[in-house]
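What follows is a short report on a single structure.
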Amino acid sequence: MKQAHHPELDEISLTAVMAALSDPIRVGLVRLLADGRERGWGELRAPVAKSTLSHHLRVLRDAGITRTRQEGTRCFVVLRRDDLETRFPGLLAPVLAAAECDGVGRQVALASSGHAPQGC
């Protein structure tokens with residue numbers, strides 16, 4: 001499989017990050033990944049087709065929000081929290097807090113627990 005492109009820190013643009021976070025499914029994925037744990041793509045559940053979920057994960061990666069790693073036939077994803085904080089200090093925390101309070105992305109869950117992040 002072709003190696004995934006991840007933007008360097010100085011290549012991450014605010015407009016790309018904000019555009020990627022304009023979709024509730026992608027916000028839900030970021031909320032799940034906000035715990036700092038790397039997750040296998042198979043652990044992520046959303047009310048969309050697998051191909052659409054893959055698209056959402058690619059948009060997040062291309063914007064510099066996540067990092068994807070392949071191990072054999074499995075893919076793993078992690079939030080680039082430190083990179084985002086370095087590039088745009090203070091941006092991610094209020095976005096995640098607002099999403100949690102408004103329930104944005106609550107339809108995205110982990111397969112192992114079946115539970116989505118809770119709102120305020």
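Every value quoted in this text rests on a predicted model; they were computed, and no experiment measured them.
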Is the shortest side-chain heavy-atom distance between [X] and [Y] below 4.5 Å?
X: Pro24; Y: Val108; value: no
X: Val77; Y: Leu44; value: yes
X: Val30; Y: Val95; value: no
X: His56; Y: Leu29; value: yes

Mind checking the [atom1]-[atom2] spacing from [X] to [Y]? Nearest 0.5 Å is all I need.
X: Glu11; Y: Asp62; atom1: CD; atom2: CG; answer: 11.5 Å
X: Met18; Y: Ser13; atom1: CE; atom2: OG; answer: 11.0 Å
X: Arg87; Y: Asp10; atom1: CZ; atom2: CG; answer: 7.0 Å
X: Leu96; Y: Leu91; atom1: CG; atom2: CG; answer: 9.0 Å
X: Arg67; Y: Leu60; atom1: CZ; atom2: CG; answer: 13.5 Å
X: His55; Y: Arg26; atom1: NE2; atom2: CZ; answer: 5.5 Å

So, for [X] and [Y], which heavy atoms are closest and what is the spacing to 0.1 Å?
X: Val27; Y: Ala99; result: CG1-CB, 3.5 Å
X: Ile12; Y: Phe88; result: O-CZ, 3.6 Å
X: His6; Y: Arg80; result: CB-NH1, 4.0 Å
X: Ala63; Y: Ala20; result: CB-CB, 3.7 Å
X: Asp23; Y: Ile25; result: OD1-N, 2.8 Å
X: Arg37; Y: Asp35; result: N-OD1, 2.9 Å

Indicate yes or no for a side-chain donor-acceptor contact from [X] to the backbone of [Y] under 3.5 Å, with no hydrogens or angles considered.
X: Asp102; Y: Val104; value: no
X: Arg45; Y: Gly42; value: yes
X: Thr66; Y: Arg61; value: yes
X: Ser54; Y: Lys50; value: no

Same cluster (ILVMFWY, side-chain, under 4.5 Å), [X] and [Y]:
X: Leu21; Y: Leu9; value: yes
X: Ile65; Y: Val59; value: no
X: Trp41; Y: Phe76; value: no

Which residue, Asp83, Leu84, Leu79, forms the side chain to side chain contact (heavy atoms under 4.5 Å, CB included) with Arg81?
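Going through the options one by one, the only one that passes is Leu79.
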